[in-house]
Amino acid sequence: MRFDIISVLPDLLDSPFAHSILQRAQKKGIAEIVVHNLRDYATNKQKSVDDYPYGGGSGMVMSIEPFARCIEALHAERKYDEVIFMSPDGETFNQTIANELSGKGNIMVLCGHYKGIDQRIRDLFVTREISIGDYVLSGGELPAAVLVDAIVRLIPGVLNDETSALSDSFQGELLDAPVYTRPADWRGHKVPDVLLSGHEAKINEWRHDQALIRTQTRRPDLLED
Ligand code: SAH
């Protein structure tokens, strides 16, 4: 699976993909993540990628030309399943969307800044608009990193233990159960006996019960669905 992320601050995305599971996925050749510097596609001498908003008002708006040139250059190289714009007014990202997108081949991701991007970019090039939650960040890079991370870890072969993702919260209707590791007794705070019993069926039953209790108390809405 390949991601092409278009950003005016590509350095912001150096670290999120350079460690742990995301790094491993790229080393294994399962995921390719390429970040493009929008400024490389600016046409004016100052290499500017934004301009004043028509109609006045505060904040700058990202211009159509650099985005259009970058998007068209990528379209000329390969076919894209989705061109996603990260935007607070998009559909709210969740595990269902992550699962769906993890089955795609090539995805382009556009990161906005300032007041946003010229509406014509959205109208003409974008196939899907995704928000990572009801709050406003200063740029689309962190949302893009969230999106790519959630998707990549679901691609078969990325996690060492495939079953691990299946018990994660939101993968089914239940939140994940509590987890513990050594020591079994830390200053008198003990790990539940059942987890030390070695009895697999009982452990599974305990985990299921705990997941259910957690879901009922924290997210009863998940059970209603
Ligand atoms: N004026 C816009 C916000 C612009 S914030 C509005 O009110 O809708 C600048 C950029 O940050 C956005 O274009 C988007 O790419 C990104 N961004 C900010 N918050 C986001 C969120 N919750 N989800 C996804 N992208 C977000």
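Worth knowing before you read on, the calculation uses all heavy atoms, side chains too, and leaves out hydrogens, waters and symmetry mates. Here the structure is a predicted model, which means the values were calculated and not measured. Atoms within each ligand, like the ligands themselves, are counted from 1 in listed order.
Each of Asn106, Ile33, Ile151 was scored for a side chain to side chain contact (heavy atoms under 4.5 Å, CB included) with Met1, with one residue passing: Ile151.
Applying the side-chain hydrogen bond (donor to acceptor under 3.5 Å, both in side chains) rule to Glu100 yields the partners Arg128; only residues at least two apart in sequence or on another chain are considered.
Within a 6.0 Å radius of CD in Gln119, more than 12 heavy atoms belonging to other residues, nucleotides or ligands are found.
When heavy-atom distances to ligand 1 are checked against 4.0 Å, the residues falling inside are Phe85, Met86, Ser87, Pro88, Gly112, His113, Tyr114, Lys115, Gly116, Ile130, Ser131, Ile132, Gly133, Tyr135, Val136, Leu137, Ser138, Gly139, Gly140, Pro143, ordered by chain and number.
Between Asp209 and Arg207 there is no salt bridge, since no side-chain N of the basic residue sits under 4.0 Å from a carboxylate O of the acidic one.
A donor-acceptor contact closer than 3.5 angstrom links the side chains of Gln171 and Gln95.
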Test side-chain hydrogen bond (donor to acceptor under 3.5 Å, both in side chains) on His113 and Asp50 and set out the steps. CA-CA 9 Å; His113 265 277; Asp50 60 324; over 6 Å; no
